[in-house]
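Everything below concerns the one structure shown next.
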Amino acid sequence: MDGVSETHTGWTFLTSHARVLAAIAEDHRTRIRDIAVRCRLTERAVQKIISDLEQDGYLTHTREGRTNAYRIQPGTILRHPAEAGMTVEALLSALAQHDARRDDRQEQSAAPTDPPRDGGS
């Protein structure tokens, strides 16, 4: 199934909830299918995560025709006591900065190099 992660043993630093929230922050009208592919989750898992985020006040959505438009509540405080006082906005800002640096590095490594000069006339 497209978008489903390969078998993963071990742990990761970011939860699926954080990944889904970051995908929505990048495109507020993104489809569940696209979030699933980006986050390497099933569509059903993404639906459950969105429901969790809405239930706890991190996210709302409105129906616009055949699509949803999501609205992140940027001032909402993260749940874990270790992040006491950290807002969703601060988390998403840190993730966006990381993504921008990663994209810059990828663009630089993919840029064509000038052909070597032969030193001739």
Side-chain angles (χ1 to χ4, degrees):
M1 178 183 281
D2 286 341
V4 179
S5 63
E6 300 84 31
T7 302
H8 177 76
T9 58
W11 55 275
T12 62
F13 282 99
L14 295 178
T15 67
S16 296
H17 285 66
R19 292 176 193 277
V20 167
L21 199 59
I24 291 171
E26 194 169 291
D27 179 0
H28 293 282
R29 288 183 175 80
T30 190
R31 299 177 308 169
I32 287 176
R33 175 179 303 164
D34 297 330
I35 296 170
V37 169
R38 176 180 172 172
C39 297
R40 296 185 178 164
L41 298 167
T42 64
E43 289 180 35
R44 188 174 195 158
V46 171
Q47 288 173 331
K48 170 70 170 108
I49 290 168
I50 288 173
S51 176
D52 290 346
L53 293 169
E54 286 185 309
Q55 183 177 347
D56 288 344
Y58 292 93
L59 185 66
T60 60
H61 80 275
T62 55
R63 196 79 175 148
E64 292 183 356
R66 294 176 48 184
T67 62
N68 288 323
Y70 298 98
R71 185 173 191 286
I72 294 171
Q73 304 301 319
T76 306
I77 304 296
L78 300 182
R79 293 171 44 130
H80 197 280
E83 288 96 31
M86 185 176 194
T87 64
V88 167
E89 182 176 36
L91 171 66
L92 293 174
S93 175
L95 292 174
Q97 288 174 11
H98 170 269
D99 287 350
R101 285 192 301 269
R102 180 194 62 215
D103 293 346
D104 286 346
R105 285 191 304 267
Q106 288 175 347
E107 286 176 12
Q108 289 173 358
S109 67
T113 58
D114 291 334
R117 296 179 186 228
D118 63 3
S121 52

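Numbers here simply count residues along the sequence, with the first being 1.
Rounding to the nearest 0.5 Å gives a distance of 14.0 Å between OH of Tyr58 and CD1 of Ile24. Within the model, atoms OH of Tyr70 and CG of Leu21 stand 11.5 Å from one another, a figure rounded to the nearest 0.5 Å. How far OG1 of Thr67 is from CZ of Arg31: 10.0 Å, rounded to the nearest 0.5 Å. One distance of note links CD of Gln47 with CD1 of Ile49; it measures 10.5 Å at 0.5 Å rounding.
Taking all atoms of both residues into account, the shortest heavy-atom contact from Ala23 to Arg38 is CA-NH1, 3.4 Å. In plain terms, the two heavy atoms of Ser16 and Leu41 that are nearest each other are OG-CD2, 3.6 Å.
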Residues 72-86, side-chain donor-acceptor partners within the protein, below 3.5 Å, at least two apart:
residue	atom	partner	partner atom	Å
Gln73	OE1	Arg71	NH1	3.3
Thr76	OG1	Gly57	O	3.3
Thr76	OG1	Gln73	O	3.1
Arg79	NH1	Asp56	OD2	2.5
His80	ND1	Ala82	N	3.0

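At most 12 non-hydrogen atoms from other residues, nucleotides or ligands lie less than 6.0 angstrom from CZ of Arg44.
No side-chain heavy atom of Asp27 sits less than 4.5 Å from a side-chain heavy atom of Asp34. The side-chain heavy atoms of Leu14 and Leu95, taken from C-beta on, include a pair separated by under 4.5 Å.
Side-chain N/O atoms of Arg29 and Asn68 include no donor and acceptor closer than 3.5 Å.
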